[in-house]
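Since the structure comes first, as structure tokens, the remarks are kept for the end.
In what follows, chains are A, B, ... by sequence order, proteins preceding strands, each numbered from 1.
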There are 2 protein chains.
Amino acid sequence: MSQGTLLYAQSGGVTAVINATASAVISEARARKIKVLAARNGILGALREELIDTSREPAANIAGLAHTPGGAFGSCRYKLKSLEADRARYERLLDVLRAHDVRWFLYNGGNDSADTALKVSQLAREFDYPLTCVGVPKTIDNDLAVTDTCPGFGSAAKYTAVSVREAALDVAAMAETSTRVFIYEAMGRHAGWLAAAAGLAGGDPDAAPQILLLPERAYDEAAFLARVEKVVAKVGWCVVVASEGIRTADGGFVADAGGVKDSFGHTQLGGVASYLAGRVKATLGYKVHWTLPDYLQRSARHLASKTDWEQAQAVGKAAVRFALEGRNAVMPVIVRTADAPYRWKIEAAPLSKVANHEKKMPAGFIRRDGFGITEKARRYLQPLIRGEAPLPYGRDGLPRYVALKNVAVAKKLPIWEG
Amino acid sequence: MSQGTLLYAQSGGVTAVINATASAVISEARARKIKVLAARNGILGALREELIDTSREPAANIAGLAHTPGGAFGSCRYKLKSLEADRARYERLLDVLRAHDVRWFLYNGGNDSADTALKVSQLAREFDYPLTCVGVPKTIDNDLAVTDTCPGFGSAAKYTAVSVREAALDVAAMAETSTRVFIYEAMGRHAGWLAAAAGLAGGDPDAAPQILLLPERAYDEAAFLARVEKVVAKVGWCVVVASEGIRTADGGFVADAGGVKDSFGHTQLGGVASYLAGRVKATLGYKVHWTLPDYLQRSARHLASKTDWEQAQAVGKAAVRFALEGRNAVMPVIVRTADAPYRWKIEAAPLSKVANHEKKMPAGFIRRDGFGITEKARRYLQPLIRGEAPLPYGRDGLPRYVALKNVAVAKKLPIWEG
């Protein structure tokens, strides 16, 4: 008689440390003699019955996962709707879980995934299928409710702060005859956590980044340009960090204002930094450079925060423990017990409290003028980028990232037509 | 009686390791009891008599310089023309050197700087002023003649290869439901060295980056799009690395085709990646993401190559030695004596052989189809990104970069009206 299997799936945008969570999940389950299946490409793989048998993976690969960015089994952007609207999909999911004797379902993602895990647990109960569902937190956006921070955020935050500090040294050296204004575009469509983390690179008001533009405050072009001019007059140059999601007072994304046509009449893909750079150059005349790190900021395992990396593993390990203890519809969350010295622990939070909520930055984290962070924000953010997560490099000068074998589990069900 | 001073100046775009060269110059000169002055903002500081007394800098700061990116004394983009056309400026420069008893002039830069150092040496001879001029190589573009490679390139190359590998893991994980094509824009207006270095992240033909676009080959949109489609069909996703300087067959920069107007009629600052992303999306319909790392790629000291870092220090040290030996109008260059194991040494090359030349990638480095690099290129590039340059981090999770005091030397001459 089978003792049951554990299904692990990744969801949404990946991070520099989501595989560290996966590694911890698999290691912890192995230690407890539980077989772990992984869904290929997240929930889609579960629906399609595309499952991976992680027991076929050598221990060295599972260990190497802990320092490999990306999503080792594939992730997806695929949101299940309500139980009523998506009933057929939820039932198919349950069929797949049943066919592979899955007793523990671990869904590693953000708000939406917490919601899906919660609904799956409800359906299982309805069908009297013994299943324990655990959400596992992950997002560079740091916008999950309840948990003090989200695995993935600290590393992206460290990447942001370090990159901004380095670029600022470059700009400072060149400003006399070249670039005066440098604009860095940070991810964050609704909450400005990553742009705020850039503030850790600064300190005194004249240190870079001198201006943060956060989605929590309406973008006011006149005020922004006046501030740029003031900083350049005083410091000689200016570094701006803008969240991709900043909006004007009427609610429109600033990035959309930069949605322009090329000479063929095709819409150009653009962003906030490009747009702001154009405005600074056109109105103030300064030479401007800008950067759009895009996926680099969330995949830069080479610059991962040790705090973040440890927390990513801790939530993975705790998720297995909670699952095996039968703690259904919960998520291991990070609870901060002290700022200095920084201390944290893992607790279980009900998925219902996490699902579909969004944590914005507290107003007390944003400086009154809107262009910077407060000491309170600094105290919160600082420990999250602390420490350097170990990373082995090869003789070729590149990090030793692992590629899993990802051996498929034989299918038992008809093909899904969903 | 003064024994003379040594003047050091940085020129052009800074790198992750130009300060390592500065640190080596100052340490070597200190060991030989020679006082080092540094020009503030490169040659402009020399013309303006804005000099820095590095002897006022604590040894810890000079040591810290070795791992601090940017240009510690400031750099500039300012090209002196011919001796005839810019006679007054050259003479002013000589006046400043004479006023501060400068006997050795070290100019740390690229082709233009080598040319300027050469002309200064010619003028000094004409005026019978005892001056030894030494060019010190630096450029992330790797386009200096004679030297096997240029300090600054190896670190930017490592940044490029690592970042592309990391982003590719992200794209691979998301491709099923999200981004299928990722485009990375590398610096390199005339030569494709940095984009080529991204090829080190790959290996077999299906590994990322699957497509390189180099300025050495004319950009052919139809061929490019066909290749993207083919790679996506086979691999499921595609990573493209494009040099900012790619041109169409008629010689126009592809980036200029992306020079577009925003809704106010202002020209938007754009680039190659943004343009290519728009074309891929419009013609093939794939979801596309793109990155423009911009200054991040040349200031990322946190990811510096140890080979590059050691060479940056070696040219600095050799420059001082050559100067004190009276070897005028030379540049310490890197000579490769073996590929595997990689061995190199420093020799002196005449500035006349370096000045105003530009080293492009040999045709034998580019694959026949133009979209990748050859084994020969790999053998050349591989050792340059090898090893991780040591970097101390603080308790705050940020690298311990130093800020120099940069104490000014009292002026002795009238203000320069140039």
Heavy-atom pairs under 4.5 Å with chain A - which of [options] has more of them than the others?
options                        : answer
B:F73, B:Y295, B:Y184          : B:Y295
B:G397, B:A172, B:A273, B:S163 : B:G397
B:V164, B:I385, B:L296         : B:L296
B:Q382, B:K158, B:H302         : B:H302

Any donor-acceptor N/O pair, [X] side chain to [Y] backbone, under 3.5 Å:
X      : Y      : answer
A:Q297 : A:D294 : yes
B:S299 : B:P69  : no
B:R386 : B:K306 : no
A:T291 : B:P293 : yes
A:S155 : A:S305 : yes
A:S75  : B:A173 : no
A:E388 : B:Y393 : no

Less than 4.5 Å to any heavy atom of chain B: does that hold for the side chain of [X], its backbone, both, or neither?
X      : answer
A:A72  : neither
A:Y342 : neither
A:N41  : side chain
A:S178 : side chain
A:L44  : side chain
A:R40  : neither
A:F182 : side chain

At a 4.5 Å cut-off on heavy atoms, which part of [X] comes close to chain A: side chain, backbone, both, or neither?
X      : answer
B:L303 : side chain
B:R165 : side chain
B:A201 : backbone

Partners meeting ring-ring contact (aromatic ring centres under 6.0 Å, His included) with A:H67 (sequence neighbours left out):
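If we apply the ring-ring contact (aromatic ring centres under 6.0 Å, His included) test to A:H67, skipping adjacent residues, there are no hits.
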
Any residues in residues 9-18 of chain A near chain B, with a heavy-atom distance under 4.5 Å, and which are they?
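Within residues 9-18 of chain A, the residues that come under 4.5 Å of chain B (heavy atoms only) are A:G12, A:G13, A:V14.
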
Please name the pair of heavy atoms, one in A:V272 and one in A:A255, separated by the smallest distance, quoted to 0.1 Å.
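Heavy atoms of A:V272 and A:A255 come nearest at CG2-CB, 3.7 Å.
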
Write down the atom of B:T307, the atom of B:L384, and the distance for their closest heavy-atom approach.
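Closest heavy-atom pair between B:T307 and B:L384: CB-O, 3.9 Å.
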
Charged N to carboxylate O below 4.0 Å: is that the case for A:R298 and B:D170?
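Salt bridge present between A:R298 and B:D170.
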
Between B:E166 and A:Y401, is there a side-chain donor-acceptor contact under 3.5 Å, judged purely by atom types and distance?
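A:Y401 vs B:E166: donor-acceptor pair found between side chains.
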
Verify whether one side chain among A:T68 and A:N19 offers a donor that lies under 3.5 Å from an acceptor in the other.
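No, no side-chain donor-acceptor pair sits under 3.5 Å.
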
Between A:A168, A:G387, A:A300, A:A175, which residue shows the highest count of heavy-atom pairs closer than 4.5 Å to chain B?
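Answer, by heavy-atom pair count under 4.5 Å with chain B: A:A300.
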
